[in-house]
Amino acid sequence: MAKRAAVPAGALGDDFSFVSPMAKYVLFFFNLLFWMISMVMVAVGVYARLLKHAGELGAPQPCWFRATSTAGVAAMACLAVSPAILLIVVGVLTFLITFCGCVGSLRENICLLQVFSVCLTIIFLLQLAAGVLGFVFSDKARGKVSEIISGAIVHYRDDLDLQNLIDFGQKEFSCCGGVSYKDWSQNMYFNCTATTPSRERCSVPFSCCLHNTDQAVINTMCGHGMQARGYLEASAFIHTNGCIDKLVNWTHSNLFLLGGIALGLALPQLVGIVLARLLINQIRDQIKLQLYNQQHRADPWS
């Protein structure tokens, strides 16, 4: 007589499922939220791009780092200068990844969930590696930041987004230039040589100036001729300290804030990875159960 199977057919019930509805729909709504955010990011980026370059369709866009970088670094620098492009790229990547998570969880598709899980894992590991390398090689990171700031100063007038970014940084950190206010001599418009034809010769941007909070109208020419003055004399009118030291000091003073931001970025990724792996394992168990039930119905004495 044939031996009966260890688990009788229907022992778990035809309606039984290993797939947890909670894990499935939490992952779905989790991805749906970021999917909608990604669409907003893309829409804002496209709108900002079209608004900025209205009337300049087809014209090549400037890249302030192109002349001093390799092709790969230049491409990254172009993205860094144009927040609109960066927003579009990040939005599209987020859209594609969260789309896989949404459809994969809703349709219980292992392939899409695998893509979602692998992409999140890669992004998390890259962020972790960047943080560790930045901490271990802090001197090299500082040198790279100094190089980027110098390149930005040289091309200050080439791109409006870059100009606004530098002005915002100098106002926010109460600084001027990279190492000191005299770094602005690297820019062709602010250069101090006698042959410089610019009206801004030997000046600094207005964002370097000491502003009175009661001042209703900003004097954009307040930095005129400041590079020709000594530190003590210039310090009465502008910030003379460079932005690199101010940025380093701000970083050291806000380690808990930066750690909280890093945790806030890492936590959703870890939650997504764990839920995706959990759901994948549950779906595989469910497939095994269905195959077993089908086989047992076909031959209940096997």
Kindly list each side-chain donor-acceptor pair under 3.5 angstrom involving residues 243-251, sequence neighbours excluded, with atom names and distances?
from: D245; atom 1: OD1; to: R142; atom 2: NH2; distance (Å): 2.4
from: K246; atom 1: NZ; to: F173; atom 2: O; distance (Å): 3.2
from: K246; atom 1: NZ; to: S174; atom 2: O; distance (Å): 2.9
from: N249; atom 1: ND2; to: D245; atom 2: O; distance (Å): 3.1
from: T251; atom 1: OG1; to: L247; atom 2: O; distance (Å): 2.8

Would you tabulate the side-chain donor-acceptor contacts of residues 114-128 under 3.5 Å, counting partners in other chains and residues two or more places apart, or write 'none'?
from: Q114; atom 1: OE1; to: R277; atom 2: NH1; distance (Å): 2.7
from: T121; atom 1: OG1; to: S117; atom 2: O; distance (Å): 2.7
from: Q127; atom 1: OE1; to: Q269; atom 2: NE2; distance (Å): 3.1

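- Cluster note: V274 groups with no other residue, as no ILVMFWY side-chain heavy atom lies under 4.5 Å from it.
- For the atom pair CZ (F190) and CZ (R157), the distance works out to 4.0 Å, reported to the nearest 0.5 Å.
- For the atom pair CG (N191) and CD (Q186), the distance works out to 9.5 Å, reported to the nearest 0.5 Å.
- Side chain of H239 to backbone of K171: no donor-acceptor contact under 3.5 angstrom is found.
- With hydrogens and angles disregarded, a donor-acceptor distance shorter than 3.5 Å links the side chain of D183 to the backbone of G178.
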Going by atom type alone, with no hydrogens or angles, which donor-acceptor pairs under 3.5 Å involve a side-chain atom of residues 231-238 and a protein atom two or more places apart or on another chain?
from: Y231; atom 1: OH; to: S180; atom 2: OG; distance (Å): 3.3
from: S235; atom 1: OG; to: Y231; atom 2: O; distance (Å): 3.2
from: S235; atom 1: OG; to: L232; atom 2: O; distance (Å): 2.7

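- For the atom pair SG (C102) and CZ (F34), the distance works out to 11.0 Å, reported to the nearest 0.5 Å.
- Atom OG of S150 and atom CG of N187 lie 12.0 Å apart (nearest 0.5 Å).
- The local environment of CE in M39 is crowded, with over 12 non-hydrogen atoms from other residues, nucleotides or ligands closer than 6.0 Å.
- Rounding to the nearest 0.5 Å gives a distance of 11.0 Å between CE of M226 and SG of C202.
- Residue pairs meeting the ring pair (Phe, Tyr, Trp, His ring centres under 6.0 Å) criterion with at least one member in residues 88-112, sequence neighbours excluded: W35-F95.
- Although no hydrogens or angles enter the test, the distance criterion places no donor-acceptor pair under 3.5 Å between the side chain of Q163 and the main chain of D158.
- Of the possible polar contacts, none joining the S185 side chain to the K182 backbone as a donor-acceptor pair under 3.5 Å is found.
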Identify all side-chain donor-acceptor contacts of residues 258-267 below 3.5 Å with residues at least two apart in sequence or on another chain.
none

